[in-house]
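Below is one structure; the comments refer to it alone.
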Amino acid sequence: MTTKDITICGAGLVGSLLAIYLGKKGHRVNVFERRPDMRQTTIDGGRSINLALSNRGWKALEAVGVGENIRKMSIPMYRRVIHDREGKLNYQPYGKEGEAIYSVSRGGLNARLMQLAEETGNVNIHFDERCVDVDLDQAVAVFENYLSGENTRSQADLVFGADGAFSAVRAVMQKTDRFNYSQQYIEHGYKELSIPPDADGRHRMEREALHIWPRGNYMLIALPNPDGSFTCTLFFPFEGDPSFSTLDSVAKARVFFEQDFADALKLMPDFDQEWEGNPTSSLVIIRCYPWVSESGRVAILGDASHAIVPFYGQGMNSGFEDCTVLNDLIAEHGDNWGLLLDEFQKNRKPDADAIADLAMRNFVEMRDLTGDPAFLLQKKIEKRFYEKYPDRWIPLYSMVTFTHIRYSVALREGKRQDAIMERVMALPGIEGKWDSDEVEQLMLKLTENRVTA
Ligand SMILES: Cc1cc2nc3c(=O)[nH]c(=O)nc-3n(C[C@H](O)[C@H](O)[C@H](O)COP(=O)(O)OP(=O)(O)OC[C@H]3O[C@@H](n4cnc5c(N)ncnc54)[C@H](O)[C@@H]3O)c2cc1C
């Protein structure tokens, strides 16, 4: 394989991981990041403070030998803890015994990936450099330095845009003929709040769990941090009643939390400052195609090509899976970048579309259904059948989170399973016989000739 000069725009999660992959293969990689070096500053890293990392993400990290290292700085979350309005708790395991999703610090993970990229010896990261233009035919990217205002032209063999949902590289591609693009802001936004550790530095709620306060059209969630705190996120409509627009003062927000999230509010001593001081951020879904320029020399990946809502905890995971897929194609096609990038976009686009749909669907499940008895019963039936017949049934959540089954296949299977569960749940008296032979036989019949991937 001949070594290439490669420019990556963006040293976020995906750009830094891609740099490790390419640097390890001996390519000369220059990464340009518009922010200062987060390892030397304490500036806010931007979006959510922590993220849920699951099997797709782990696979990509393990392939470059950093899985163990990152695992040490993460907290496994084995189950959902559902908080009702009265503060009563309900528990839902995420997967089989021992299966968990992991809470990791966005900043900590990003900093570690940057360091590992530099340690390959082939990656240089340039900070305070904002991409302002790309020549798609010549693979030249232009960066403006924040401090000096000077422009740098980076000539390479290939350019990757890993510069997030508002990608500058994509913006240039958008102006080319037959480029499809859609951007959708959902009606909900989010605000981060926090639950600090207790006086002994310990977590004030169950540590190895993701906490959810589902309330129909909105919800609060909390993920644990290693320092004993929880980061909470309120997903809430911008308009309507209740909404961010009706909670337009701390006093109103406090009254609302006292009604809806009383047990959480008691653990939030900084609620007033955080409600007022923390931004209310929006959530956007971005779909586009193609992901590779006509010349075959410029490509986008991660949020730059498929930004999704965070409700399946798959945005970063899917961006990391982009790196896995790309790496497999490099192994298969070697130097033939034109061919492999084209295969990458064709192969990956249906999966990106599927996880975008799945993520919206999971919002409804998290905010609405996790408190619904019929939904909980359905999950119990599915779990029982899965444990007995894993070759016939893998619950959708498990397919997405704990396997490497393509997202597009998981979505299709999920729809098929929905239709089956509709029939099962319609059985008269299902509540009393959910674990009966009758239910099991019906499910066996309905899943005949079905073997999961
Ligand atoms: C509230 C919230 C919670 C989330 N929770 C999860 C979760 O639990 N699990 C999960 O898997 N995903 C989660 N996500 C999604 C996840 O954050 C993203 O999918 C992930 O960060 C995408 O990585 P990326 O590297 O593609 O983009 P980004 O992380 O956005 O990184 C892009 C980088 O490019 C830089 N950049 C931007 N423009 C330029 C430019 N013009 N020139 C140079 N550099 C530039 C940026 O500064 C940044 O460093 C969540 C998202 C949100 C909003």
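- Only one option out of Arg406, Arg348, Gln314, His404 pairs with Glu321 in a side-chain hydrogen bond (donor to acceptor under 3.5 Å, both in side chains); it is Arg348.
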Stepwise salt bridge (Lys or Arg N to Asp or Glu O under 4.0 Å) check, Asp357 with Arg361: CA-CA 6 Å; Asp357 293 346; Arg361 179 183 152 133; over 6 Å; no
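- Between Phe244 and the options Lys191, Glu239, His188, a side chain to side chain contact (heavy atoms under 4.5 Å, CB included) holds for only Lys191.
- No side-chain heavy atom of Met73 sits less than 4.5 Å from a side-chain heavy atom of Val104.
- With a 4.5 Å cut-off on side-chain heavy atoms, Ile75 and Glu208 count as touching.
- Contact between Leu341 and Ala299 at its shortest, heavy atoms only, is CD2-CB, 4.2 Å.
- A distance-only check finds a donor-acceptor pair linking the side chain of Arg56 to the backbone of Val400 [under 3.5 Å].
- Side-chain atoms of Ser194 and Asp270 include no donor-acceptor pair closer than 3.5 Å.
- Closest of all the heavy-atom pairs between Leu17 and Ala60 is CD2-CB, 3.9 Å.
- The environment of Gln441 atom CD is dense: over 12 non-hydrogen atoms of other residues, nucleotides or ligands sit within 6.0 angstrom.
- In this structure, the separation between CG on Asn180 and OH on Tyr289 is 10.5 Å, given to the nearest 0.5 Å.
- Without hydrogens or angle criteria, Arg297 side chain to Val159 main chain gives no donor-acceptor distance under 3.5 Å.
- At least one side-chain heavy atom of Leu301 sits under 4.5 Å from a side-chain heavy atom of Phe344.
- Taking the six-membered ring for Trp and thresholds of 30 and 60 degrees, His306 and Trp291 have ring planes inclined between 30 and 60 degrees apart.
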Worked verdict on Val424 versus Val439 for side-chain contact (heavy atoms from CB on, under 4.5 Å): CA-CA 7 Å; Val424 173; Val439 171; 3.9 Å; yes
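- In terms of heavy atoms, Ala356 sits closest to Ile285 at CB-CG2, 4.4 Å.
- Between Ser229 atom OG and His203 atom NE2 the span is 6.0 Å, to the nearest 0.5 Å.
- Looking at heavy atoms from C-beta onward, Thr401 lies in side-chain contact with Tyr312 at the 4.5 angstrom threshold.
- Nearest heavy-atom pair across Cys131 and Cys9 is SG-SG, 4.0 Å.
- Between the Asp351 side chain and the Ser408 main chain, a donor and an acceptor come within less than 3.5 Å of each other.
- Atom CZ of residue Arg287 and atom OH of residue Tyr181 lie 12.5 Å apart, to the nearest 0.5 angstrom.
- Applying the 6.0 Å contact sphere to CZ of Arg423 captures no more than 12 heavy atoms from other residues, nucleotides or ligands.
- In this structure, the side chain of Ser305 engages the main chain of Gly302 through a donor-acceptor pair within 3.5 Å.
- The distance between the ring centers of Trp393 and Tyr389 does not fall below 6.0 angstrom.
- By the 6.0 Å and 45° rule, Arg80 stacks over the aromatic ring of Tyr397.
- Tested against Trp213 for a side-chain hydrogen bond (donor to acceptor under 3.5 Å, both in side chains), the candidates Asp84, Asp260, Asp263 yield a single pass: Asp263.
- Proximity of Asp303 to Phe166: side-chain heavy atoms (C-beta onward) are nowhere separated by under 4.5 Å.
- A ring pair (Phe, Tyr, Trp, His ring centres under 6.0 Å) with Tyr218 is found for exactly one of Phe257, Phe238, Phe256, Phe235, namely Phe256.
- No donor-acceptor distance shorter than 3.5 angstrom exists from the side chain of Thr246 to the backbone of Asp241, with no hydrogens or angles considered.
- Using a 4.5 Å cut-off on side-chain heavy atoms (C-beta onward), His333 and Ile330 make no contact.
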From CA spacing to verdict: salt bridge (Lys or Arg N to Asp or Glu O under 4.0 Å), Lys72, Glu68: CA-CA 6 Å; Lys72 284 195 197 120; Glu68 210 33 55; 5.3 Å; no
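- Judged purely by atom type and a 3.5 angstrom limit, Glu382 has no side-chain atom pairing as donor or acceptor with the backbone of Pro395.
- No side-chain donor-acceptor contact under 3.5 Å links Asn317 to the backbone of Leu53.
- For the pair Trp275/Leu234, a side-chain contact is recorded, criterion being any heavy-atom separation below 4.5 Å from C-beta on.
- Among the candidates Lys433, Lys388, Lys445, the single residue satisfying the salt bridge (Lys or Arg N to Asp or Glu O under 4.0 Å) test with Glu440 is Lys388.
- With a 6.0 Å cutoff to the six-membered ring centre and a 45° limit on the axis angle, Arg71 counts as a cation-pi contact of Tyr102.
- Within 6.0 Å of NZ in Lys4 there are more than 12 heavy atoms belonging to other residues, nucleotides or ligands.
- Remark: side-chain polar atoms of Arg392 are paired, donor with acceptor, to backbone N or O of Leu444 under 3.5 angstrom.
- One distance of note links CE of Met77 with CG of Asn50; it measures 7.5 Å at 0.5 Å rounding.
- Within the 3.5 Å criterion, the main-chain N or O of Ile221 finds no donor-acceptor partner in the side chain of His83.
- Interatomic distance, OG of Ser243 versus CD of Glu187, reported as 10.5 Å (0.5 Å rounding).
- Heavy-atom contacts from other residues, nucleotides or ligands closer than 6.0 Å to CD of Glu258 number more than 12.
- When every heavy atom of Val31 is checked against every heavy atom of Val123, the shortest pair comes out as CG2-CG1, 3.8 Å.
- From Met316, atom CE reaches atom CG of Leu13 across 6.5 Å, with rounding to the nearest 0.5 Å.
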Step-by-step side-chain contact (heavy atoms from CB on, under 4.5 Å) determination, Leu326 to Leu18: CA-CA 9 Å; Leu326 196 57; Leu18 180 66; 3.8 Å; yes
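- Between Pro214 and Met366, the shortest heavy-atom contact is CB-O, 3.2 Å.
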Stepwise side-chain contact (heavy atoms from CB on, under 4.5 Å) check, Leu283 with Phe311: CA-CA 11 Å; Leu283 293 166; Phe311 306 115; 3.9 Å; yes
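- Annotation: side chain of Phe32 is not in contact with side chain of Asp163 (no heavy-atom distance under 4.5 Å).
- Within the 3.5 Å criterion, the main-chain N or O of Ile195 finds no donor-acceptor partner in the side chain of Arg204.
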Test side-chain contact (heavy atoms from CB on, under 4.5 Å) applied to Glu206 and Leu89, step by step: CA-CA 11 Å; Glu206 180 173 323; Leu89 307 181; over 6 Å; no
